[in-house]
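Structure, as structure tokens:
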Amino acid sequence: MLTDLPSSWSHTDENVATLVDLQTYWLSAEYVKWTTDAAEAKRAAASREKPPPMPLIQPVARRPRAAHEAAVRRYEELRSRAEQPDESAHRQWTARELWAHISGSV
């Protein structure tokens, strides 16, 4: 969740934009499931790396420029962290660690 929002962009506006991001992510994931056959899915699962512990949801909703840039920076930071091998990816997260990851306060 972004905390440094412009005064013209409320928390409700950001929540709605986040829901649009989530819905777009979900629809994309469902589309891949709908259009991928079982053999193709098996090959892809065998050849790829382990996914990050949390889904990386790209900001796609329309936001004011400052809020959009902040959301993109947060996404890029999370993506770069997910690409780096980390021992925390191999252990179960505590609720506090998970919340810190989701809220971006890490």
Would you please name every residue forming a side chain to side chain contact (heavy atoms under 4.5 Å, CB included) with [X], sequence neighbours left out?
X: Glu69; answer: Arg65, Arg73
X: Leu19; answer: Leu22
X: Ala39; answer: Asp37, Arg43

#### Entry: For Glu76, all residues meeting side chain to side chain donor-acceptor pair (under 3.5 Å), sequence neighbours excluded
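With neighbours one apart ignored, the set is Arg79.
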
Tell me the closest heavy-atom pair linking [X] and [Y], and the distance in Å.
X: Pro59; Y: His68; answer: O-CE1, 3.9 Å
X: Arg62; Y: Trp9; answer: O-CH2, 3.6 Å
X: Ala17; Y: Ala61; answer: O-CB, 3.4 Å

### Query
Quick check: does any side chain N or O of Asp21 sit under 3.5 Å from a backbone N or O of Ile57, one acting as donor and the other as acceptor?
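The answer is no, because no donor-acceptor pair under 3.5 Å joins these two groups.
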
### Query
Hydrophobic clusters join Ile, Leu, Val, Met, Phe, Trp and Tyr when side-chain heavy atoms are under 4.5 Å apart, directly or via other members; which others share one with Tyr75?
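In the cluster with Tyr75 are Leu56, Leu78.
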
Please tabulate, one pair per line, all N/O donor-acceptor pairs under 3.5 Å involving side-chain atoms of residues 27-36, not counting sequence neighbours.
unit_1 : atom_1 : unit_2 : atom_2 : d
Ser28  : OG     : Thr24  : O      : 3.0
Glu30  : OE2    : Lys33  : NZ     : 2.9
Thr35  : OG1    : Tyr31  : O      : 2.9
Thr36  : OG1    : Val32  : O      : 2.5

#### Entry: Residue among Asp13, Thr18, Val16 satisfying side chain to side chain contact (heavy atoms under 4.5 Å, CB included) with Arg63
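Only one option passes, and that is Thr18.
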
